[in-house]
**Student:** 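Input: one structure, supplied below.
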Amino acid sequence: MSAPRELGSSYTPSEIEPQVAARWAASDYGNPEGSDSVAKADLPPFTIIMPPPNVTGGLHVGHALFVTLEDLLARRARMEGRPTLWLPGVDHASIAAQFVLDKIIAEEGESRSSLGRERYLQRMDRFMEETRGVILGQFRRLGASADWGRTRFTMDEVSSRAVRTAFATLYEHGLAYRTEALVNWCPGCKTSVSDLESISVEERGNIWEIRYPLEGGAPSDGIVVATTRPETLLGDTAVAVHPDDPRYAQLIGKRVVIPFVDRAVPILGDDFVDQTFGTGAVKVTPAHDPNDREVGLRHNLPAPTILDEAAHIVADAPKPFAGMERFAARKAIVAALDALGLLVSVKPHTATPARCQRSNDILEPRLRTQWFIRTKPLAEKALAATRTGKTRIVPAHFEKTWEHWLTEIRDWNVSRQLWWGHRIPAWYCADGHITVSADAEGPSGCSECGALAESLVQESDIFDTWFSSGLWPFSTLGWPEQTSDLKRYYPSQVMETGHDILFFWVARMMMLGIELMGEPPFETIYLHGMVRDPEGQKMSKTKGNVVDPLSLIDEIGADALRFALVSGTAAGADQRLSPEKLENARNFMNKLWNAARFVLGARPAEVTGERPDARSAQEGAGEFGAWMSARISCAIEDVDRNLAGYGFSEAAQRIYDATWAEYCDQAIELAKVTLADESRPAAERAAVWWTLVDGLDTLLRLLHPIAPFITEGIWEALPRRNGDGPLLATAAWPVRDTKGGDEARAIDQWLDLVREVRAARTSTKLPAGAWLPLAVAAPADLAASGERLRAAIERLARVRPLTIALNLPAGEEGMLIVAGVLTARLTPPEADATTRDADRARRERELVAARAQLAAAETRLADPSFTGKAPATVVAGAERRVAELRDEIARLEQGA
RNA sequence: GGGCGGUUAGCUCAGUUGGUUAGAGCGCAGCCUUGACAUGGCUGAGGUCACAGGUUCGAGUCCUGUACCGCCCACCA
């Protein structure tokens, strides 16, 4: 391979990113067992299972965030030498996919019912062929380094088998059961949905008070019930009052007649009734209200269903109402009651009806025979895992939400009356016996009465999408087959996902993983927040504030997008994505590119040999080498610490500072002078250059997990270190290596002086370009390093001549500058009164600040409770500070 | 009705287990057409850390309460 050794003169991600992507594509570095892998056999594997995006969806900025974070984790682990598996896939998203496809076929003049199940599913398969791969292709543009060879689909063969096996196992364990129960029915989607898929919003409506006449009594004689749903009166089978309610005590046991249906129903005493609400008397409609259902079961009431699947009044209801849509029926019934004189009052009332998350229809509680998963025992095990710390949630405060939800969990309705999805593997014989089979061909006969397989009828319902998603951490690894992947990569280390699907998905994976695999599917659950617009609003198509990641990539590059997203992220917290943030990230990439361009172009002509090891380059570069090594080691340490605690944005910020403030603004500026100075020994200039290369190399490694393209692109142009492979993606993660010490601190001292000189010049409005004489008093060791850094100090502070001695020359005029242990005098050519005043003011400000700090520190040290109780290191620190301040003040005063 | 989170510079946000002088980006002011970069450089201004108590030698950080903002959960007809 002929690597380009020069970087383009400007940073153009649209050119760099495809080139780098092509190099990655030609390699198999994403595969933990691939030939490009740097995995060390003795390190434990690192596994992340990608949350599968909906197969029909397009890339949005939320995807961009999770892809970035997971890719970051995977790349870092890979560079650390761990066998790293990031397993990608897509979700069939049954209800969402049907929703989308239904719209498409509607435009073709078809519908689900016009096509029928078989043709509809064929159409769906075609649709899947078109969309599968699109979203994952978009993930690749973001730089995702998943193991594409292992890409999975929740509707593929292996998943299907996993679903059947999981269900059969749960059934065997008594954790899956079929029963008639009230479910949330969506009249729009024509399916039941789980509690989680409903959204409750407060809405203004009415509460109606209706009189039900007593059986055999006068119409004016009766009991008044309060209801928000008068139309359900057709299904009433009782009226309930509180047993202790004196108003109604004598009515309990009597019967009232339900209007229109002319059904006499009992008045019951049941303490679920709140005496203070409404009239204290409740109509009971067991087939259409969860509370009423409970009452019905307690009192053995019949439960007639009066609304059909479209939420129309059933056909066998009384005349005018039969077939009416539910809200039309409500009006009609209220009017009819009024006409009969049974409507007592109408009052405004706010209620919170549950609406379908997908279609926004008001959900209708409906009595239906469905499959349920018994969640209590599963939830207890999931709770045990987080309580013992076997699985950790980041951020930790989500554990409370987790605890609450799993403690209060209700059984999970997994039946969906949809077509696209995994069909429930349950068969029924003519006698109604249930046979559950994991076999793809179905059971060989009824498990109870032995009825022939041909006579069995399979359940027509399919599973809730989240059932197959709940198996994802192990179905992707081949379960139920005991594959080597399953043994090696289960459980995964991190589940990274949004906190909005903590219950939907994470809890289900935990429950099913523990039940079916025997241990929790992940060690850490990392939850990210939502990406919002600059005003903090949710992004939505209707608001028109959606940011399209693909056009951002076109515009500023995937690296800048990733950097911006990582910079803004904190565990569990939402972030705002603003143009400023993106611009800043783009500028950072540009800065890095130009720094690299400079370094490569500044190679001294004499440097022709192989790249020396970092240590010998450092040693040859004197103070600069020691300093560079100390700075870089500190950066490595901070980045490692931040990443260990999932502090992604802090890590990004640290790399940003190390690159911009330390490497570009200080290291390069210092090195520039030496490199350009032909009078310096060639060996020294070579060492300085190699040190610069080493620093850049390390920064690229640190940044690579966040911004993989640009770092890979630059790294390719750098001279290789001994033992490096062809890709930065599989190069070793840096380890800190520093001798630190005074040698490194010397540069910081001199840089501090440079800064003070610049500040003094600015505050006295001396011309920026003028060369001014500077005399410096420095201790012997610093004086020596100052001599070696002379050229750099001169250029950076713009001072000439520069004299360095143990003491300042006596009796001269000028501006006194104190920087740490260094004292200096800057001598402007002809200091006028304004300059002198400005200088005096500057020094006075410094004195005031220093004295205030000194006073504070002295007060603290004078307090025996501080010296007695504070740790010795803190006290020693305060003492050191006092000494420094006294010294500084003395030197400032001396020049005053 | 419960629960959780937030409130730090003009704006957007960091701030590890309580420890000396609270940080960054953007914005703002002044200066700089210096051979990597004006998508840049240098210097600077700007904060009673929402409020009120408490614990502590010491609180942005821990505890209690209050106010406002946001989110989640909940069968009151």
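In the text below, chain A, chain B and the rest are named by the order of the sequence lines, each starting its count at 1.
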**Student:** Classify the ring geometry between A:F277 and A:H349 as parallel (under 30°), tilted (30 to 60°) or perpendicular (over 60°).
**Tutor:**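 A:F277 vs A:H349 ring planes: perpendicular.
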**Student:** For B:A36, does the base pair up with any side-chain atom of A:K672 as donor and acceptor (N or O, under 3.5 Å, distance only)?
**Tutor:**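 It does, because a donor-acceptor pair links the side chain of A:K672 to the base of B:A36 below 3.5 Å.
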**Student:** Could you please name the partner base of B:G60, counting Watson-Crick and G-U wobble pairs only when both distances are under 3.5 Å?
**Tutor:**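 Check on B:G60: unpaired, no WC or wobble geometry under 3.5 Å.
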**Student:** Could you tell me how far apart A:N594 (CG) and B:G41 (C1') are, to the nearest whole angstrom?
**Tutor:**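 These atoms are roughly 13 Å apart.
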**Student:** Please state whether the base of B:C37 and the side chain of A:K591 form at least one donor-acceptor pair under 3.5 Å?
**Tutor:**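 A donor-acceptor contact between them is present.
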**Student:** With nearest nucleotide decided by heavy atoms, which residue, A:V599 or A:V754, maps closer to the 5′ end of RNA chain B?
**Tutor:**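 Whichever sits nearer the 5' end wins; that is A:V599.
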**Student:** When the distance from CZ of A:R576 to P of B:G70 is rounded to whole Å, what number comes out?
**Tutor:**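 Going from CZ in A:R576 over to P in B:G70 covers 11 Å.
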**Student:** Taking all atoms of both residues into account, what is the closest heavy-atom pair of A:P353 and A:V201, and its distance?
**Tutor:**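 So the minimum-distance heavy-atom pair works out to CD-O, 3.5 Å.
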**Student:** Between B:G18 atom P and A:F866 atom CZ, what is the distance in whole Å?
**Tutor:**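 Atom CZ in A:F866 sits about 16 Å away from atom P in B:G18.
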**Student:** For A:K400 and for A:C664, locate the closest nucleotide of RNA chain B by heavy-atom distance; then report the residue assigned to the nucleotide nearer the 5' terminus.
**Tutor:**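 Comparing both residues, the 5'-ward one is A:K400.
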**Student:** In whole angstrom, give the distance that lies between atom CG of A:L565 and atom P of B:U12.
**Tutor:**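 After rounding, the gap between these two atoms is 19 Å.
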**Student:** Does the side chain of A:R758 get closer than 4.0 angstrom to OP1 or OP2 of B:C42 through an N or O atom?
**Tutor:**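 For B:C42, OP1/OP2 do not have a side-chain N/O of A:R758 under 4.0 Å.
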**Student:** Is A:E669 side chain donor-acceptor paired with the B:A36 base, going by distance under 3.5 Å alone?
**Tutor:**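 It does, because a donor-acceptor pair links the side chain of A:E669 to the base of B:A36 below 3.5 Å.
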**Student:** Verify the contact: side-chain N or O of A:R761 to OP1 or OP2 of B:G44, cut-off strictly under 4.0 Å; return yes or no.
**Tutor:**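 No, no such contact exists.
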**Student:** Measure the distance from CD on A:E408 to P on B:C75 and round it to the nearest whole Å.
**Tutor:**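 Computing the A:E408:CD to B:C75:P distance gives 10 Å.
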**Student:** For B:G44, which nucleotide is its Watson-Crick or G-U wobble mate, given both distances must be under 3.5 Å?
**Tutor:**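 The answer is B:C28, by the H-bond criterion.
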**Student:** How are the rings of A:Y656 and A:W660 set to each other: parallel, tilted or perpendicular (split at 30° and 60°)?
**Tutor:**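 Because their plane-to-plane angle lies in the 30° to 60° range, the rings of A:Y656 and A:W660 count as tilted.
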**Student:** Any strand counts, and the cut-off is 3.5 Å on both contacts for Watson-Crick or G-U wobble. Which nucleotide pairs with B:G35?
**Tutor:**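 When the pairing criteria are applied, nothing turns out to pair with B:G35, so the answer is none.
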**Student:** What's the shortest heavy-atom distance between A:K591 and A:C664, and which atoms?
**Tutor:**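 Nearest heavy atoms, A:K591 then A:C664: CE-CB, 3.7 Å.
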**Student:** Within this structure, what is the OH-to-C1' distance between A:Y646 and B:G15, rounded to whole angstrom?
**Tutor:**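 Rounding to the nearest Å, OH of A:Y646 and C1' of B:G15 are 21 Å apart.
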**Student:** If I take atom CG in residue A:L582 and atom C1' in nucleotide B:U39, what distance separates them, rounded to the nearest angstrom?
**Tutor:**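 From A:L582 CG to B:U39 C1': 14 Å.
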**Student:** Measure the distance from CG on A:N587 to P on B:G40 and round it to the nearest whole Å.
**Tutor:**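 So the two atoms are 4 Å apart, to the nearest Å.
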**Student:** Any N or O donor-acceptor pair linking the side chain of A:R881 to the base of B:U21 at under 3.5 Å?
**Tutor:**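 Such a pair exists between side chain and base.
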**Student:** Counting Watson-Crick and G-U wobble pairs only, both distances under 3.5 Å, name the nucleotide matched with B:A74, or none.
**Tutor:**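 For B:A74, the partner nucleotide comes out as none, under the 3.5 Å rule.
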**Student:** Take A:I207 and A:V346 through the test side chain to side chain contact (heavy atoms under 4.5 Å, CB included) and record every step on the way to the result.
**Tutor:** CA-CA 6 Å; A:I207 188 160; A:V346 188; over 6 Å; no
